[in-house]
2 protein chains.
Amino acid sequence: MNSAKHRPTGAAFLLAQLGAHAAGRFADRIGHLGITPAHAGILRFIARMPGLNQQRLAKFLGVLPSRMVLLIDELVDKGLVQRRRSTKDRRHSELVLTKKGERTLERLSKIVVAHEADLCGALTREERDTLARLGRKIVDHQGLTPDVHPGYRNL
Amino acid sequence: MNSAKHRPTGAAFLLAQLGAHAAGRFADRIGHLGITPAHAGILRFIARMPGLNQQRLAKFLGVLPSRMVLLIDELVDKGLVQRRRSTKDRRHSELVLTKKGERTLERLSKIVVAHEADLCGALTREERDTLARLGRKIVDHQGLTPDVHPGYRNL
DNA sequence: TATTGTTATACTCTATAACTATA
DNA sequence: TATAGTTATAGAGTATAACAATA
């Protein structure tokens, strides 16, 4: 591979390749918690904005409402999230983490740190900071929403 | 988002986010050619190793043989690839690009350059080189095969 | 009439395994 | 008996659209 007449792999392909790898490895790492990366992202959002409803969450992440129902169903079934009918507008369900959900989120944080350390194991601390800085620059320039994975996007 | 009590987005998530974005944008860019990123990757490999057979290609990319059949079928239907029964071992089919396939590959190269320029538009030439260098370092350290997207992996 | 949440259906994708032909 | 390629089938995932409850 990579014979002389082909140019070295470009940054765009590297990002796609590494991104898929990182996502796959992360899915492996959290598998034993019984949740997928999509669930993990939702847990984070509910923790930050407790009480938000499904439609707003769906719109924010770029998920179809019907898919969000299933995702939340699964989190409820696992005892990580609770739906509470809003008393102000009984059409809304306010989403909150259960105690178990909070503990899962704490475990997730530790997994994220380990995942990060492994994935960037080839880099010095300084290089890792540089990579993150350049990454944030691209996220900003491309108009991406920080902390929202495009894998949700189905609209 | 990103309120004070949350740490800044880590490199691993940024890679996953940007990778999915890059892959999605690339798919958009080549859509008018009537092919998917998976097809594009296969075209590149056939160009580099003309005459290779489906099983070897499938093994190299990490695709199930049955899926490779469909992918090649589609490329044949579009007139980009030709299957030739090997005269040495008639079980093998040697894969080669057609003239149209070669032209498509040239168009792909131009699209890759434009894609790269857009995606890294926020970075200076030097920053882009740094990003690619760090990316290659991680690819190597993680044991990934250069130029092979993990999206193929279904084994 | 509009909105939230939910359910039903149809469709796509693809992993598995059986099968053909060559060796 | 083993390998390359192919086909058939079944299951998972999900987009679409219809629906119920509330406003």
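Every heavy atom of this structure was used, including side-chain atoms; hydrogens, water molecules and symmetry mates were not. Every chain is numbered from 1, with letters handed out A, B, ... down the list of sequences.
Computed from coordinates, the B:Leu57 CG to D:dT3 P distance equals 19 Å when rounded to whole Å. Straight-line distance from the NE2 atom of B:His92 to the C1' atom of D:dT6: 15 Å, rounded to whole Å. One can place CE of B:Met68 at 10 Å from P of D:dG5, the figure rounded to the nearest angstrom. The distance between atom OH of A:Tyr152 and atom C1' of D:dA15, rounded to the nearest whole Å, is 18 Å. The distance between atom CD of B:Gln55 and atom P of C:dA23, rounded to the nearest whole Å, is 15 Å. Per the geometry, CZ belonging to B:Arg90 stands 13 Å off P belonging to D:dT6, to the nearest Å. Taking atom CG of residue A:Asn53 and atom P of nucleotide C:dA2, one finds them 19 Å apart after rounding to whole Å. Taking atom CZ of A:Arg85 as the reference point, atom C1' of C:dG5 lies 6 Å away to the nearest angstrom.
Taking 4.0 Å as the cut-off between side-chain N and carboxylate O, B:Glu94 and B:Lys88 do not count as a salt-bridged pair.
Out of D:dA23, C:dA23, C:dG5, the shortest distance to the side chain of A:Ser93 is found at C:dG5. Nearest to the side-chain atoms of A:Val69 among the listed nucleotides D:dT14, C:dT6, D:dA4 stands C:dT6. Nearest to the side-chain atoms of B:Gln54 among the listed nucleotides C:dG5, D:dA15, D:dT6 stands D:dT6. Here the nucleotide nearest the side chain of A:Leu70, chosen from D:dT6, C:dG5, D:dT14, is D:dT14. Checked against D:dT22, D:dT6, D:dT7, the side chain of B:Ser66 finds its nearest nucleotide in D:dT7. In the set D:dG5, D:dA23, C:dA15, D:dA23 carries the atom at the smallest distance from any side-chain atom of A:Asp89. Here D:dT22 is the nucleotide among D:dT14, D:dT22, D:dT3 with the atom lying nearest to any side-chain atom of A:Arg91.
Taking for each of A:Lys88 and B:Arg56 the nucleotide of DNA chain D with the nearest heavy atom, the 5'-most of the two is the partner of B:Arg56.
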Could you walk me through whether A:Arg25 and A:Asp28 pass the salt bridge (charged side-chain N to carboxylate O under 4.0 Å, His left out) test, one step at a time? CA-CA 5 Å; A:Arg25 291 288 299 117; A:Asp28 292 342; 3.4 Å; yes
Would B:Arg125 and B:Asp129 count as a salt bridge (charged side-chain N to carboxylate O under 4.0 Å, His left out) if you check the C-alpha gap in whole Å, the side-chain angles of each, and the deciding distance to 0.1 Å? CA-CA 6 Å; B:Arg125 153 66 59 191; B:Asp129 290 344; 3.6 Å; yes
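Cation-pi geometry between A:Arg44 and B:Phe13 is satisfied (NZ or CZ under 6.0 Å from the ring centre, within 45° of the ring normal).
Neither OP1 nor OP2 of D:dT7 sits under 4.0 Å from any side-chain N or O of B:Arg67.
Side-chain atoms of A:Arg83 and A:Gln54 include a donor-acceptor pair closer than 3.5 Å.
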